Amino acid sequence: MKSVLDRNNFSEWYSEILKRAEILDVRYPVKGVYVWYPYGLRLRNLIYGILRALMDEEHEEVLFPLLIRRDELLKEKEHIKGFEEEVFWVTHGGTTELDVPLALRPTSETAMYPVFKLWIRSHRDLPIRVYQIVNTFRYETKHTRPLIRLREITSFKEAHTAHASRREAEEQINKAIAIYRNFFDRLAIPYVITKRPEWDKFPGAEYTIAFDTLMPDGRTMQIATLHMLGENFAHTFDIRYEAEDGSSKFVNQTCYGISERCVAAVIAVHGDDHGLVLPPPVAPIQVVIVPIIFTSGADKPSESEAVKRACNVLHHELKGAGVRVFLDDSPERPGAKYYYWEMKGVPLRIELGPRDLANNSCTFVRRDNFVKWRVPLTTAVSEVKNTLDDIQHSLHARAMERLEIGVVSDETELKNATGIVALPLCDRESCGKELEESTGASVLGEVLYASHSSGGKECIICAREAKHVLVARTY
RNA sequence: GGGGCAGUAGGGUAGCCAGGUCAUCCUCGUGGCUUUGGGAGCCAUGGACCCCAGUUCGAAUCUGGGCUGCCCCA
């Protein structure tokens with residue numbers, strides 16, 4: 001078996017795998033926008049199916065327009081400051097210049113909140129918990145990268161909530177964190193959760209909480225964010241409700257989102273030198289059956305017929321058991337099929353040939369560790385289910401091991417560190433910026449849900465009282 | 001924001017400096033025969049010089065502009 005890719009050269013590995021596993025076609029002639037292949041889209045849809053199911057438990061799906069009036073977009077001053085250099089504008093209808101230029105949504109707060117004002121009159125209308133999965137547009141000026149930094153984000157799941165009190169809004173943030181933890185656990189993706197520093201919060205938010213995962217090259221990638229908006233947008237868009245006592249109050253709001261970076265994370269975190277390695281819950285094909293057929297020799301035709309029959313029966317049984325299974329009866333040679341389906345990340349391969357059939361069995365090969373063993377045909381279906389579960393657990397365990405958090409106490413140690421590092425830092429922007437400039441790394445933020453200690457208690461820069469923060473080079 | 005490099009078939013490339021026969025090689029597609037337990041072999045066949053202008057008898061090659069992509073620095 002020879003490796004076809006080198007995961008240690010992550011950049012090259014990543015773009016090569018997107019092409020060869022047929023996730024995205026990057027040849028579309030507009031910068032920063034890409035085409036989903038059928039296989040990539042099936043992966044995306046399975047991942048988003050999990051997310052959608054989790055969201056549907058306590059949210060309602062909505063669909064707001066892509067176009068936003070210029071004056072609405074510009075209403076919230078802090079908000080627009082964060083986005084104004086990244087907005088795509090529609091300025092003409094045909095050859096006629098529009099009276100009011102229209103923005104392609106960079107995010108949907110300013111599309112939704114004027115409508116929230118119409119929907120919310122009484123405390124009985126609250127809470128509102130909605131989400132949508134839509135495309136958004138940002139004129140990225142840094143180098144774009146498929147699924148990671150896009151000019152058209154095709155799969156932005158954004159949730160927006162409005163509540164009668166601040167306490168309820170904060171509870172909602174906690175519920176949303178639980179949903180996201182659940183989601184990434186199902187994808188077997190490890191993460192750290194931090195409260196972003198003041199200077200890196202969502203424009204217009206009171207504070208921002210983020211999930212980051214660790215990529216193979218030691219950089220972190222932000223994979224989810226949650227924003228406590230407080231009453232900021234409610235004041236801007238005049239979203240009030242009449243309370244039980246008849247008084248008029250502003251709502252408290254939150255919003256939180258996940259983009260197709262979660263697909264990038266699945267690819268990057270689990271993949272290896274043979275290609276994709278997909279967690280069974282999101283694998284478009286969970287099991288591939290490869291018949292081993294010989295046609296030469298005197299009584300071979302009947303033997304190969306028996307192999308084909310056995311493959312068909314197994315295929316049928318697995319399908320009936322709800323497994324996403326594919327029978328590869330193409331004329332390729334078995335070796336070529338192995339490489340092909342490994343690139344596609346299929347979690348389990350079943351080989352079935354004359355030698356297996358003679359024992360009334362088949363051969364299982366796991367994608368995650370290439371372990372190979374023989375299984376009786378009579379127990380194959382249940383063994384498939386057990387194996388897929390076990391692969392899921394193994395993937396999760398392996399990924400968790402890779403996400404180590406280093407602890408440092410001085411700058412020399414920090415400069416030599418790789419990956420995610422925990423250290424004590426005060427919350428002043430000057431200290432954070434100094435640290436970022438001297439190390440080239442970014443402050444992810446204050447650790448939430450800590451299970452480890454940061455070493456010291458004094459800020460690594462100014463020696464004042466410090467918080468426990470995580471630092472890493474980022475995407 | 002600043003600087004550099006590149007664009008040749010579906011993918012990857014040679015040729016470009018020094019203009020000149022049918023544009024090289026690998027992969028791939030199609031048809032056929034033989035094959036099939038880790039990327040099969042043979043035969044036949046298909047497919048490209050990013051766009052626009054200029055220089056020239058003649059441009060993939062030189063010049064200018066455009067479009068697209070990549071890399072480095074801030």
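Only a predicted model underlies this, so the values are computations on that prediction, with no experimental measurement involved. To find a chain, count down the sequence lines: A is the first, B the second, and so on, and within it residues start at 1.
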Practice prompt. Just compare B:rG1, B:rG39, B:rG37 and give me whichever is closest to any side-chain atom of A:T363.
Written response: B:rG37
Worksheet entry | ring pair (Phe, Tyr, Trp, His ring centres under 6.0 Å) partners of A:F364, counting only residues at least two apart | A:W373
Discussion item. Would you say A:N135 and A:E152 are linked by a side-chain donor-acceptor pair, where the criterion is simply a distance under 3.5 Å?
Written reply: yes
Discussion item. Regarding B:rG38, can its base be found pairing with the side chain of A:E342 as donor and acceptor, where the two atoms are less than 3.5 Å apart?
Written reply: yes
Fill in: Criterion salt bridge (Lys or Arg N to Asp or Glu O under 4.0 Å) on A:E140 and A:R151, from CA distance to verdict
CA-CA 6 Å; A:E140 293 286 353; A:R151 287 194 171 172; over 6 Å; no
Worksheet item: Between A:K201 and A:E198, is there a side-chain N and carboxylate O pair less than 4.0 Å apart?
Response: yes
Worksheet item: Within this structure, what is the CG-to-P distance between A:L5 and B:rG39, rounded to whole angstrom?
Response: 18 Å
Worksheet item: Hey, is the side chain of A:R27 poking within less than 4.0 Å of OP1 or OP2 on B:rG11, counting only N and O atoms?
Response: yes
Discussion item. Suppose you measure atom P in B:rU21 against the same atom in B:rU61; what distance do you get, rounded to whole Å?
Written reply: 14 Å
Worksheet item: Is there any side chain to side chain donor-acceptor pair (under 3.5 Å) pair reaching into residues 258-279 of chain A, and which pairs are they, with sequence neighbours excluded?
Response: A:T154-A:E260, A:D272-A:R367, A:H274-A:E342
Item to complete: Would you indicate which nucleotide in B:rG38, B:rU36, B:rG12 comes nearest to any side-chain atom of A:K19?
Response: B:rG12
Worksheet item: Taking NZ, NE, NH1 and NH2 as the nitrogens, is one of them in A:R398 or A:E401 under 4.0 Å from a carboxylate oxygen of the other?
Response: no
Item to complete: Using the C1' atom on both, measure B:rA40 against B:rC5 and round to a whole Å.
Response: 40 Å
Practice prompt. Starting at atom CG of A:D356, determine the distance to atom P of B:rU36, rounded to an integer number of angstrom.
Written response: 17 Å
Fill in: Proximal nucleotide (of B:rG10, B:rG39, B:rG37) relative to the A:F294 side chain
B:rG37
If you restrict it to nitrogen or oxygen atoms, what contacts under 3.5 Å exist between nucleotides 67-72 of chain B and the protein, and what is each distance?
unit_1: B:rG69; atom_1: OP1; unit_2: A:K31; atom_2: N; d: 3.1

Discussion item. Say we look at B:rA48 and B:rA60: how far apart would their C1' atoms be, to the nearest angstrom?
Written reply: 10 Å
Discussion item. Mind checking if A:P354 touches a base, just sugar-phosphate, or nothing, with heavy atoms under 4.0 Å?
Written reply: base
Worksheet item: Does the side-chain ring of A:Y338 lie flat on the base of B:rG38, meaning centres under 5.5 Å and planes less than 30 degrees apart?
Response: no
Worksheet entry | Aromatic plane relationship, A:Y180 with A:F184 - under 30° parallel, 30 to 60° tilted, over 60° perpendicular | perpendicular
Worksheet item: Does any N or O donor sit under 3.5 Å from an N or O acceptor when you compare the side chain of A:R333 with the base of B:rG41?
Response: no
